[in-house]
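Note sheet for the following structure.
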Amino acid sequence: MIVDGRVLREDFVPSEVVHRHDEVNLLSEALEPLLSDRRPDPSFLFGPTGVGKTCIARYTLAQLHEQDPDVRVAYVNCWQEYTRFRVLYSLLEATGRTTDIHRSTAKDELFDRLAEGDTRPLVAILDEVDQLEETAALYDLHRLPHVSLVLIANREEELFASFDDRVRSRLHAGTRVQFDRYGTAELRSILRERATQGLEPDAVTTDQLQTIADAASGDARVGIGILRSAARRAERNGCEYVTEATIAAAIPDARTAIRRKTVEGLPDHQRVLYEIITDAGEIEPGELYEAYERRVAEPKTARTLRNYLTKMVHYDLIESVGEHRGRRYRPVADGDEGEESELPTEK
DNA sequence: ACTCCACGGGAAACGCTGGTCG
DNA sequence: CGACCAGCGTTTCCCGTGGAGT
């Protein structure tokens, strides 16, 4: 049933792109100077989740690398690597020179090492760059003449708001590529493409892909997740092809899978907080702290809990409603319908 | 107006890892 | 080898801010 599981992973980069030719062209034009040994201005890819920003960036850079193997590419996801140290480290790693570096190595050491030595061009793709906490890292990278930046974020205004002045003025020039949500027809053909490569022929019908595309409401990541989950379920049941029932089962599954994974990875104390909040449905801070203290042997301070809470809000596990007095925490709603959940987490 | 409460920034304290020096 | 040191991440303490309730 499943022929090639890699194709169904969301980080799979297809060898051909569907529906994003304009964006690819824009980006590769912007990066063209690299082919004549000049440094391009930074490129920006903006758009909501699951519209192919990451995929297109990787795809385009992979092509570029093929044209000119001297151009190296480093992909950094700023969700995980959100400090200056980690970003620099990831870049060094991509150039394969990290052997003797550990946590205790001074930051400047990392920077120096990037600056000297191998000065072949390096393109740094910084994904979710709005999550980067030390934007000074961007300034650092910009100072390196052989490093070019491709920055990926949801919204332009918010991204620039998070920059400090130095960074903002340096990066203001540059190419913007805006990605819009996929229509269901587009999404359906993307899914068809994946199904053709990843599954047995005829394992899934066009109607079924349509159902999945509808459920994913423009988010290719969710769509692919549903397809993968449905295929796995079908396979586990010994089916030769995907059935309506497996799809129905896979839809909620894919929606919460990512979150469940995050929750499992949470440190103990934070998971306790999360459980209290989900159990209660909605809870106010004071009560939350008390419940927490009752449940844990060696409770952390309230201040620390606040740190945890902001982090969990950040991770989209919980949300807080109201300000100051009368604030409440609750698990983030499961956006059952494709309702515009476009609340760009104000701050 | 005044008090209560929660939020979140900043500085200091702590704990861990790995390096270095005698 | 053991005693220190450097540097980072995490936690705590302290505190200013500002809305809500009275």
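All values below come from the heavy atoms of this structure, side chains included, with hydrogens, waters and symmetry mates left out. Naming convention: chains lettered A, B, ... in sequence-line order (proteins, then strands); numbering from 1 in each chain.
At least one cation-pi condition fails for A:R188 and A:Y182: the charged atom is not both under 6.0 angstrom from the six-membered ring centre and inside a 45 degree cone around its axis. Relative to the ring axis of A:Y75, A:R58 places its NZ or CZ within 45° and under 6.0 Å from the centre. For the pair A:R176 and A:F44, the distance from NZ or CZ to the six-membered ring centre is under 6.0 Å and the angle to the ring normal is within 45 degrees.
Rounded to an integer number of Å, the gap from A:K311 NZ to B:dG8 C1' is 16 Å. A:Y289 places its OH atom 15 Å from the P atom of C:dT11, with the value rounded to the nearest Å. In this entry the distance linking CG of A:D268 with P of C:dT10 reads 15 Å, nearest Å. Rounded to a whole Å, the CG atom of A:L305 is 16 Å from the C1' atom of B:dC5. The interatomic distance linking A:E298 (CD) with C:dT10 (P) rounds to 19 Å, in whole Å. For the pair A:K300 NZ and B:dG15 P, the computed distance is 11 Å after rounding to whole Å. B:dC5 atom P lies 17 Å from atom CZ of A:R327, rounded to whole Å. As a whole-Å value, the separation of A:I283 CD1 from B:dA6 C1' is 15 Å.
In terms of phosphate contacts, A:Y308 brings a side-chain nitrogen or oxygen within less than 4.0 Å of OP1 or OP2 of C:dT11. For the OP1/OP2 pair of C:dT12 and a distance below 4.0 Å, the side-chain nitrogens and oxygens of A:T301 include at least one atom meeting the criterion. Listed pair A:Y329 / B:dA6 fails the phosphate criterion, with no side-chain N or O lying under 4.0 Å from OP1 or OP2.
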Check: protein-nucleotides 14-21 of chain C nitrogen or oxygen pairs below 3.5 Å:
none

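Distances from the side chain of A:T310 to the nucleotides B:dC7, B:dG8, C:dT11 place B:dG8 closest.
Put simply, CG on A:D127 and CG on A:D11 are 11.0 Å apart, with the number rounded to the nearest 0.5 Å.
Within 6.0 Å of CG on A:D279 lie more than 12 heavy atoms contributed by other residues, nucleotides or ligands.
Applying the salt bridge (charged side-chain N to carboxylate O under 4.0 Å, His left out) rule to pairs touching residues 216-235 of chain A yields A:E10-A:R221, A:R233-A:D253, sequence neighbours excluded.
Between A:V177 and A:D22, the closest side-chain pair of non-hydrogen atoms is not below 4.5 Å.
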